> 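Got a structure for you, questions after.
Every heavy atom of this structure was used, including side-chain atoms; hydrogens, water molecules and symmetry mates were not. Remember, it's a predicted structure, so these values are computed and weren't measured experimentally. Chain letters run A, B, ... following the sequence lines, proteins first and then strands; every chain starts at 1.
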Protein chains: 2
Amino acid sequence: MDFNKELSMQACPVSFVMNKIGGHWKPIILYQLMSGPKRYSELKRAIPTITEKMLIQHLKQLQADGLVDRHAEPVVPPYVIYKFSDRGESIKPVLNAIAKWGYEQWSADNI
Amino acid sequence: MDFNKELSMQACPVSFVMNKIGGHWKPIILYQLMSGPKRYSELKRAIPTITEKMLIQHLKQLQADGLVDRHAEPVVPPYVIYKFSDRGESIKPVLNAIAKWGYEQWSADNI
DNA sequence: ACAAGTACTTACCCTTAAGTAAGCAAGCGT
DNA sequence: ACGCTTGCTTACTTAAGGGTAAGTACTTGT
């Protein structure tokens, strides 16, 4: 059950991080936010294959994990921007290291 | 379907890496292998909650992705060791960076 | 009065990942 | 002859993640 998952996160710091930034959509969302704050509709347009359900679900999770801040202007139509929190900023180097390795390997695969 | 997954991996290098080292068990297996080559039964004992099915399945996937090498001695009972390949070695710094951030954040959560 | 835009929410289904449990091969010690 | 060990494999079941499609609130423009 979830018991094993909890145990893994305590025993393996890499698992802990994967739970925060892993999965199908979170890397893509974070990658988009790395180029600066974006509003909801911008993210939606930037990631055409994502459904609204997945987008909002993962944005909420990223917020709950303290990686992303949400700021809503009380106007109509709504204006909501998402951006890295301070804690989120601290993971950018890690994401860049991952992306760098990924890009190198991707190139190596395609020679 | 898988089409979207393929697309993501091309569009987002972080997703590409997550596909190689993400998921529930792969981080834990890799973390164990970082302390040196291990035989199948050692891994099994080091990760008590993993099932043999999952262990072998992910070891095979890691092999297929070229991150892990398998070496079998033709003896009985079988003697099989798993270790990082050359390509696998190149991801160790990334895994360490992930683990370091994870450990820091884990501490921050528990103050 | 009504369509359009923005940021969601909800209910339902379907595919993928993971867990359960059993079996197999091949020799070695007793 | 029999059980033991090691490294797997297979069939079946269950839980999780993701996709589809519809609806909501609130206001501006026509």
> Checking the side chain of Gln32(A) only, and the main-chain atoms of Ile29(A) only, is there a donor and an acceptor separated by less than 3.5 Å?
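Answer holds: no.
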> Taking only the side-chain heavy atoms of Val76(A) (C-beta and beyond), determine which of dT20(D), dC26(D), dG7(D) contains the nearest atom.
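Output: dC26(D).
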> Send over the distance from Gln57(B) CD to dA17(C) C1', rounded to a whole Å.
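Interatomic distance, CD of Gln57(B) to C1' of dA17(C): 8 Å.
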> Measure the distance from CD1 on Ile50(B) to C1' on dA17(C) and round it to the nearest whole Å.
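Value for this atom pair: 13 Å.
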> What is the distance, rounded to the nearest whole Å, between atom NZ of Lys44(B) and atom P of dG7(D)?
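Interatomic distance, NZ of Lys44(B) to P of dG7(D): 8 Å.
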> Under 4.0 Å between a side-chain N/O of Ser41(A) and OP1 or OP2 of dA7(C), yes or no?
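Yes, Ser41(A) has a side-chain N/O under 4.0 Å of OP1/OP2 on dA7(C).
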> Look at Arg39(B) and dG7(D) and indicate whether a side-chain polar atom (N or O) is within less than 4.0 Å of OP1 or OP2.
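Yes, Arg39(B) has a side-chain N/O under 4.0 Å of OP1/OP2 on dG7(D).
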> Would you call Glu89(A) and Lys92(A) a salt bridge, using N to O less than 4.0 angstrom?
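Salt bridge present between Glu89(A) and Lys92(A).
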> Choosing from dA7(C), dT6(D), dC8(D), which nucleotide comes nearest the side chain of Pro78(A)?
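Between dA7(C), dT6(D), dC8(D), the one nearest the side chain of Pro78(A) would be dA7(C).
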> Starting the side chain at C-beta, find the nucleotide from dG19(D), dG7(D), dG19(C) nearest to Lys53(A).
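The answer is dG19(D), which lies nearest to the side chain.
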> Starting the side chain at C-beta, find the nucleotide from dC8(D), dG18(D), dA18(C) nearest to Met54(B).
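Ranking dC8(D), dG18(D), dA18(C) by closest atom to the Met54(B) side chain puts dA18(C) first.
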> Given dC8(D), is OP1 or OP2 found less than 4.0 Å from the side-chain N or O atoms of Tyr82(B)?
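Affirmative; the distance criterion is met.
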> Starting the side chain at C-beta, find the nucleotide from dA18(C), dT20(C), dT9(D) nearest to Thr51(B).
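For Thr51(B), the side-chain atoms sit closest to dT20(C).
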> Round to a whole Å and report the spacing from CG of Asn19(B) to C1' of dT16(C).
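It works out to 13 Å between those atoms.
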> Between dC8(D), dA7(C), dT20(D), which nucleotide gets closest to the side-chain atoms of Lys60(B)?
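Among dC8(D), dA7(C), dT20(D), the one nearest the side chain of Lys60(B) is dC8(D).
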> Give the rounded distance in Å between these two atoms: CD1 of Ile28(B) and C1' of dA18(C).
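After rounding, the gap between these two atoms is 13 Å.
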> Between the side chains of Lys38(A) and Ser35(A), does any donor sit under 3.5 Å from an acceptor?
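Judged by distance alone, the side chains do pair up.
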> Nearest nucleotide by nearest heavy atom, which residue falls closer to the 5' end of DNA chain C, Gly23(B) or Arg45(A)?
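The residue mapped nearer the 5' terminus is Arg45(A).
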> Could you tell me whether the side chain of Lys26(A) and the main chain of Asn19(A) form a donor-acceptor pair under 3.5 Å?
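Flag set: sc Lys26(A) to bb Asn19(A) pair under 3.5 Å.
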> Leu55(B) CG to dC8(D) P: how many Å, rounded?
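Between P of dC8(D) and CG of Leu55(B): 9 Å.
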> To the nearest Å, give me how far apart CD (Gln61(B)) and C1' (dA17(C)) are.
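Nearest whole value for this atom pair: 13 Å.
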> Could you tell me the separation between the NE2 atom of His58(A) and the P atom of dG17(D), rounded to a whole number of Å?
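In whole Å, dG17(D) P and His58(A) NE2 are 8 Å from each other.
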> Does a salt bridge link Asp65(B) with Lys20(B), judged by any charged N lying under 4.0 Å from a carboxylate O?
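Looking at Asp65(B) and Lys20(B), the cut-off is met.
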